[in-house]
Every structure is written in structure tokens, then in C-alpha cells.
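First up is the structure itself, then whatever we jot down about it.
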Amino acid sequence: MTTNSNATGFDIRRIGGRIGAEITGVDLATDLEPALITEINSALLEHKALVFRNQQLDDAGQLRFASLFGELTTAHPTVPSVDGQPNILPVNGDEGIRANRWHTDVTFVRTPPKASTLRSIVVPPYGGNTLIANTAAAYQDLPEPLRELADKLWAVHTNDYDYAAPKSDKAAEHRRQFVSRKYRTAHPLVRVHPESGERGLFIGGFAQSIVGLGPSDSRDLLRLFQSYVTRPENIVRVAWTPGDLVLFDNRITQHYAPDDYGDLPRLLHRVTVAGDVPAGIDGRLSHTIEGDDATHYTPAAA
């Protein structure tokens, strides 16, 4: 189904039943009017993930577009940026360092990003898609007893979890960089979206334990709640072509890049918009357990 924005003329075509839309009629390389950005943001709140096809932006264009939604983070709290571009993270598909697990970006710090942009530069001829899940729909899917339980729980997120053994020297070096500064942060299991007021399951791969529970119970509960996030009806699959840009709301989604393209090259550039401190349904805010407040990464930290 395609809908048209009367005010600015772009079209919104849903590409998933519960998440995802393609935006047509917008050239992101041009100067975008504030009214258009407001409408794109409204579409983002509704659809959670927006796909802009064949935009052919360069790094400067991606930075300019992302900055329209707020102050930018630096590339990553621990992993190096693209040379000369402190706000751009290279998402390189080298074997052994692929992010093939469900996660929300950088939840191990107190102020994870508000939104992420991914721009395709090199994509394989098959595979290499990105899956994005709607965590608000997952929360709504929970039976009432599980919802009531989730509302009360907090999870500890960390970048220093039990990784698989590195497959190569390059993978080992990537892991060393990733955990060179260790973070542990307690977030509410159910996050209230600061703009829409929706409730979503705020977990993913960096959530490693439940506050007040032991390792075994924590793993069982996190797997149970995560199984609702990754139900097929809550997921949209983005098949990349070179020049595409995807904007997704990092506060109410998870994403996953399947490792299904062998030794073929894949390169995306990621730019993230600084976020706020997550709040639970009782208004309590996330807090740091180990590490600093990552103000070098998230200038909006409070």
C-alpha cells in the first residue's frame, strides 16, 4: 500500500506488515525543507524503519542527512571510525567480524543512539540483507502475565560478553578493540519511547543478565522475551542495492545481518544520531554500572 504526503509530495510504501516502509520522491542529496524532515520523522515513528532507494550519497551527504534528526554521535565508543570521518563507522563484512546477531546499536552505554543510518557502498550479488524487528509489536504480542513481568525487570547490557572464539587474527583484533573500554549499563527491560510513548522490549545481544537473577534464570528469560522480538511477523528484510540508505529508530527496533554471503565483499557506512537516557514505565532512568558515561561518543548524555 502506498500513501502520499500532501504537504511535501513524497510517497510512503509499506514493505512489511508491522514494520518498514520505502520512501520515494525524496532526493536526500538536496536541501530538505524542515516540513519534509518533520514528515519523515513522523513516518519513522510509525514505520520504525525507512528505506530510501538509489540515493547515491557520499559520506558528506549521509552526515548532512543524519544531522537533520539531531546531534551526531562519534562512530563508536571503542571501534575506530572511517579515516578522517570521526562520525562514520565502517560496517565491513569481513568474515569473522560480522554482526550476525540480533542487537540494538550500542545499548551497553547509558545513552544509546536515537536513530541509525546505514548506507550501502558495496553489496554482494546475493545475501547480505539486513533484518529489522519491531520491539513494540513484540511487547504487544506478550501474554499479559509476561507483559506484567517484563514491566518490572531490568537488564544489564555489556560489550564484554561471551564471544565465540575469533576465527582469524583480524577478528581477534576487532574483538580486542571492541572491549578495549568495558561498559556495563542497567536498562529497563521495557523502554518507553520518548516521542511516541510506545512501550518496547529493550534487550538484544548486549543484554546479558537480568538484575537480581542468576545466570541461568537470566538466560532463560532473555531468550523467552527475545523470541517474541524475532517472530517473523515483527521483521522486515531489506535487500540492499548500491546507493540505498536505511534510517531506523534505534529506540524501538533490533537488527541483524545474516552471515550468508561467503567471502564476498560487503561494506556499509553507519552514522548514528545521539539519543537520550532510556526510561522505564515507572520513569526510572538507565544507569551506568561499569565504565564512564561515554560522553566522547554521545554528546547528548545526561
Side-chain angles (χ1 to χ4, degrees), residues 19-21 23 26 28-29 31-52 55 57-79 81-82 85-91 99 103-120 130 132-136 157 183 185 187 191-198 200 202 204 206 238 244-255 268-279 285-286 293-302:
I19 179 174
I23 304 296
V26 177
L28 301 184
D31 290 331
L32 304 179
E33 296 294 328
L36 177 58
I37 297 304
T38 298
E39 293 202 29
I40 291 174
N41 190 71
S42 295
L44 180 64
L45 293 178
E46 179 179 356
H47 300 289
K48 312 295 189 286
L50 304 178
V51 181
F52 300 82
Q55 291 294 318
L57 292 174
D58 56 11
D59 285 342
Q62 183 178 4
L63 289 166
R64 182 175 61 250
F65 175 68
S67 69
L68 296 172
F69 297 90
E71 191 169 6
L72 301 182
T73 71
T74 52
H76 192 273
T78 58
V79 178
S81 68
V82 170
Q85 296 284 3
N87 303 105
I88 301 178
L89 180 74
V91 181
H103 66 284
T104 298
D105 281 338
V106 199
T107 59
F108 48 85
V109 301
R110 185 167 175 252
T111 49
K114 166 186 176 179
S116 297
T117 65
L118 286 173
R119 174 171 61 95
S120 56
T130 297
I132 309 174
N134 181 344
T135 64
H157 297 232
Y183 293 95
T185 301
H187 292 299
R191 180 179 185 177
V192 178
H193 194 286
E195 292 185 72
S196 69
E198 289 181 285
F202 198 60
F206 298 120
V238 178
D244 294 342
L245 182 137
V246 173
L247 168 68
F248 57 87
D249 190 332
N250 199 59
R251 300 164 293 187
I252 205 155
T253 61
Q254 290 183 25
H255 55 283
L268 311 177
H269 278 182
R270 187 183 85 186
V271 176
T272 49
V273 180
D276 57 0
V277 182
L285 300 178
S286 303
D293 281 345
T295 52
H296 68 291
Y297 167 73
T298 311

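Index from 1, following the sequence.
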Check: Who are the side chain to side chain contact (heavy atoms under 4.5 Å, CB included) partners of L32, not counting sequence neighbours?
Finding: V26, L28, T30, L36, I37, F65, L68

Check: Considering residues at least two apart in sequence or located in another chain, which fulfil the side chain to side chain contact (heavy atoms under 4.5 Å, CB included) criterion with A29?
Finding: D27, L57

Margin query: Please identify which of these residues, T104, I19, T253, meets the side-chain contact (heavy atoms from CB on, under 4.5 Å) condition with F248.
Written below: T253

Next item on the list: Identify which one of L50, V51, L247 satisfies the side-chain contact (heavy atoms from CB on, under 4.5 Å) criterion when paired with I23.
Entry: L50

Supply the atom-to-atom distance [X] [atom1] to [Y] [atom2], rounded to the nearest 0.5 angstrom.
X    : Y    : atom1 : atom2 : value
I88  : L63  : CD1   : CG    : 4.0 Å
H76  : H296 : NE2   : NE2   : 9.0 Å
K114 : E71  : NZ    : CD    : 11.5 Å
I132 : N134 : CD1   : CG    : 11.0 Å

Mark yes or no for whether [X], through its side chain, and [Y], through its backbone, hold a donor-acceptor pair below 3.5 Å.
X    : Y    : result
H187 : T107 : yes
K48  : A136 : no
T111 : G275 : no
T130 : V238 : no

Checklist line | Set of residues satisfying salt bridge (charged side-chain N to carboxylate O under 4.0 Å, His left out) with respect to E33, sequence neighbours excluded | finding: none

Next item on the list: Go through the structure and list residues passing salt bridge (charged side-chain N to carboxylate O under 4.0 Å, His left out) with D59, not counting sequence neighbours.
Entry: R119

Looking at [X] and [Y], what are the two nearest heavy atoms and their distance?
X    : Y    : answer
G61  : D58  : N-OD1, 2.8 Å
P113 : Y297 : CG-OH, 3.0 Å
S81  : P86  : OG-CA, 3.6 Å

Output all residues satisfying side chain to side chain donor-acceptor pair (under 3.5 Å) with [X], sequence neighbours left out; order by chain, then residue number.
X    : value
N41  : E195
Y183 : D292
T185 : none
D249 : H193, R251

Check: Under 3.5 Å, is there a donor-acceptor pair linking the side chains of H255 and N250?
Finding: no

Evaluate the side-chain proximity of [Y] to [X]: yes if any heavy-atom separation is below 4.5 Å, no if none is.
X    : Y    : result
V273 : L72  : yes
Q62  : Q85  : no
S116 : T272 : yes
P77  : V106 : yes

Notebook entry, point to check: What residues, two or more places apart in sequence or in another chain, satisfy ring-ring contact (aromatic ring centres under 6.0 Å, His included) together with H269?
Noted result: none

